[in-house]
2 protein chains.
Amino acid sequence: MARTTPAPSAVPDSAGAFPVTVDVVALTVRDGVLQALVVDRLLEPYRGRAALPGGFVLPGETLEQAAGRELEEETRLTVPAGATGTGPWHLEQLRTYGPLGRDPRGPVLSVAYLLLAPAFGLPAAGGDAAEARWVPVGELRGRSGGARGASLAFDHDGILADGVERARAKIEYSPLAAAFCPPEFTVAELRGVYEAVWGTQLDARNFHRKATGTPGFLEPTGRLGGGGPGRPAELFRLAPGVDPSAAVLHPPLLRPVSPGPAAPSA
Amino acid sequence: MARTTPAPSAVPDSAGAFPVTVDVVALTVRDGVLQALVVDRLLEPYRGRAALPGGFVLPGETLEQAAGRELEEETRLTVPAGATGTGPWHLEQLRTYGPLGRDPRGPVLSVAYLLLAPAFGLPAAGGDAAEARWVPVGELRGRSGGARGASLAFDHDGILADGVERARAKIEYSPLAAAFCPPEFTVAELRGVYEAVWGTQLDARNFHRKATGTPGFLEPTGRLGGGGPGRPAELFRLAPGVDPSAAVLHPPLLRPVSPGPAAPSA
DNA sequence: ACAAAAGTGTTTTGTCTACACCCATGC
DNA sequence: GCATGGGTGTAGACAAAACACTTTTGT
């Protein structure tokens, strides 16, 4: 244990220093389906393989800044600094993976972030990524063991699964489903978000009552929206002065109970 | 920054390397009160100040191994490897803090872990810590701005608050409250855990019905326990084959709704 | 006998679900 | 008029809070 501590208060030499990456699970709802943002890697390792957008944290930046910078570099979309509560996006930390056994280059720590965003186009790709695209999560999950090359690089399959599960749980008791919607939206749009994220069908009438009846969730704008068939729907926005990441819905909007692991035997 | 990596697939030089620490929010219930484990620091910075047990991650170890090692070094208590599901303890990752503005020595990343454990003594202290002791969280929280030196070193006040909130939320829908109990326990002991963690009073009769009536939670041992006054209580253990960190209670045990910010005006 | 704590039954109250029904618009 | 989707009312199923009551021990 070689100790060389010239300064009275310094990081001890025995401590390791680790490269740190951020990886972003960016989710949106497009065409009524939950989709994740993936990029094709231009560099080794896993060159040509799909991966979550992300990259190394640079000296002098925070983890959130690194997440926003990587997203912008690889997908040309800008996440406002301190996205939590700003605008329609929501960025929160998911968890940390590593440092062992997840990168062939050696021990690397990865701090994963979860971004919930309304649907938007991808003007271009850049940085270390060849292409950025939305992929329905149903096309990525469940085939991790498949040989078709559809699984993601590194341990990103597991990170994506963790992010999806976090999103599913979080919209139950927080107003964060609105992060998938534009600033003003109808109750039907919001219901579509819940149905896409949970993969279930919800009763439109009961959902309307619960969503509009939950205090601190929706505020009517008075305007009407939608040009489709049927009666025009009222436009809502998130209740003002509410931090969507901190507020709690009372009562929560619980997902319908899945039938459970009933054995599909004879 | 001496880099000797001629291999084609290497971490780019622009990537920073960060010292990484683990800090452990260890919670238990003693004397009917939720208590946290703190140590007194022997080294700078914050020498003499109370802090969460923790320290630097060493090369070649996982984050969980580092958390267990630091706990053992500073408090002489051993957390079995892969504590999740093993024995009565529960160790899970809380979140990651940093790297900027939290350590006077420079940018340091800290991965915080949450340990839920039954009450036990502290035979000794060691490592970089002068003394390890349990402190009721009520004596630590709320006085972060106080001048009495009761607040913790670094950003540990915030980490502790996050850990307490995680524990409070988690025992609602998971069997993890049993992690605070010995392997066999009575319903009253379990209720005491809920009351201590939530800081509320619960109806003993309704709690008994809900706890014993929740499938996949408690299993009766047939034995009786307790030597105090009154009728002896039945001893229970966690239902076998249940991973306390993954299982979900249906229905959940919800904390009583707090009255909310109702103005106590006339 | 009394107190204290464990455990069960019952009533009341609220919430969720399912679905009947009306409203407002496009065609 | 009729189809389509938006929004409200209502009855039964279900769960939770409140509390009376019995059981079993220590003193």
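Convention: sequence-line order gives letters A, B, ...; per-chain numbering from 1.
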- prompt: Closest heavy-atom contact between Leu176(B) and Glu92(B)?
  reply: CD1-OE1, 4.3 Å
query: Looking only at heavy atoms, which two atoms of Leu114(B) and Ala167(B) are closest? And how far apart?
result: CD2-N, 4.2 Å
field: Check against side-chain contact (heavy atoms from CB on, under 4.5 Å), Val38(A) and Leu140(A)
entry: CA-CA 10 Å; Val38(A) 301; Leu140(A) 290 169; 4.1 Å; yes
- line: Of Pro252(B) and Pro232(B), the one whose closest nucleotide on DNA chain D sits nearer the 5' end is Pro252(B)
- prompt: Do you know which two heavy atoms are closest between Leu249(B) and Ser174(B), and how far apart they sit?
  reply: CD1-O, 3.6 Å
- prompt: For Leu235(B) and Gly230(B), take the nucleotide of DNA chain C holding the closest heavy atom to each; which residue's nucleotide lies nearer the 5' end?
  reply: Gly230(B)
message: Please report the end-to-end axis angle for the helix from dA1(C)-dT27(D) to dC27(C)-dG1(D), five pairs per end, rounded to 10 degrees.
response: 10°
- prompt: Between the side chains of Asp162(A) and Tyr97(A), is a donor N or O closer than 3.5 angstrom to an acceptor N or O?
  reply: yes
- request: Sequence neighbours left out, what passes salt bridge (Lys or Arg N to Asp or Glu O under 4.0 Å) with Lys210(B)? Give chain and number order.
  value: none
message: Let's go through Arg255(A) and Ile171(A) carefully: what are the C-alpha distance in whole Å and the side-chain angles of both, what is the deciding distance for side-chain contact (heavy atoms from CB on, under 4.5 Å) to 0.1 Å, and is it a yes or a no?
response: CA-CA 9 Å; Arg255(A) 19 182 173 176; Ile171(A) 64 175; over 6 Å; no
field: Contact interval (first through last nucleotide) of DNA chain D with protein chain B, 4.0 Å heavy-atom
entry: dA16(D) to dG26(D)
- request: Report the C-alpha separation of Tyr194(A) and Phe180(A) in whole Å, then their side-chain angles, then the decisive distance to 0.1 Å, and conclude whether the side-chain contact (heavy atoms from CB on, under 4.5 Å) test is met.
  value: CA-CA 10 Å; Tyr194(A) 277 89; Phe180(A) 288 110; over 6 Å; no
task: Please list, by residue number, the residues of residues 186-211 of chain B whose heavy atoms come closer than 4.0 Å to an atom of DNA chain C; answer none if no residue qualifies.
output: Ala188(B), Arg191(B), Arg205(B), His208(B), Arg209(B)
Passing candidate, side-chain contact (heavy atoms from CB on, under 4.5 Å) with Leu37(B), options Val24(B), Leu71(B), Leu27(B): Leu71(B)
Under 3.5 Å donor-acceptor pairs involving side-chain atoms of residues 216-234 of chain A, not counting sequence neighbours:
residue   : atom : partner   : partner atom : Å
Glu219(A) : OE1  : Arg237(A) : NH1          : 2.8
Thr221(A) : OG1  : Arg223(A) : N            : 3.2
Thr221(A) : OG1  : Leu235(A) : O            : 2.9
Arg223(A) : NH2  : Glu184(A) : OE1          : 3.0
Arg223(A) : NH2  : Glu184(A) : OE2          : 2.6

statement: At a 4.0 Å cut-off to heavy atoms of chain B, the contacted part of DNA chain C spans dA4(C) to dT10(C)
- request: List the steps and the verdict of side-chain contact (heavy atoms from CB on, under 4.5 Å) for Thr200(A) and Leu202(A).
  value: CA-CA 6 Å; Thr200(A) 59; Leu202(A) 299 174; 4.0 Å; yes
field: Considering all heavy atoms, the nearest Thr28(B)-Ala117(B) contact
entry: OG1-O, 2.7 Å
field: Heavy-atom donor-acceptor pair, Trp198(A) side chain to Leu254(A) backbone, under 3.5 Å
entry: no
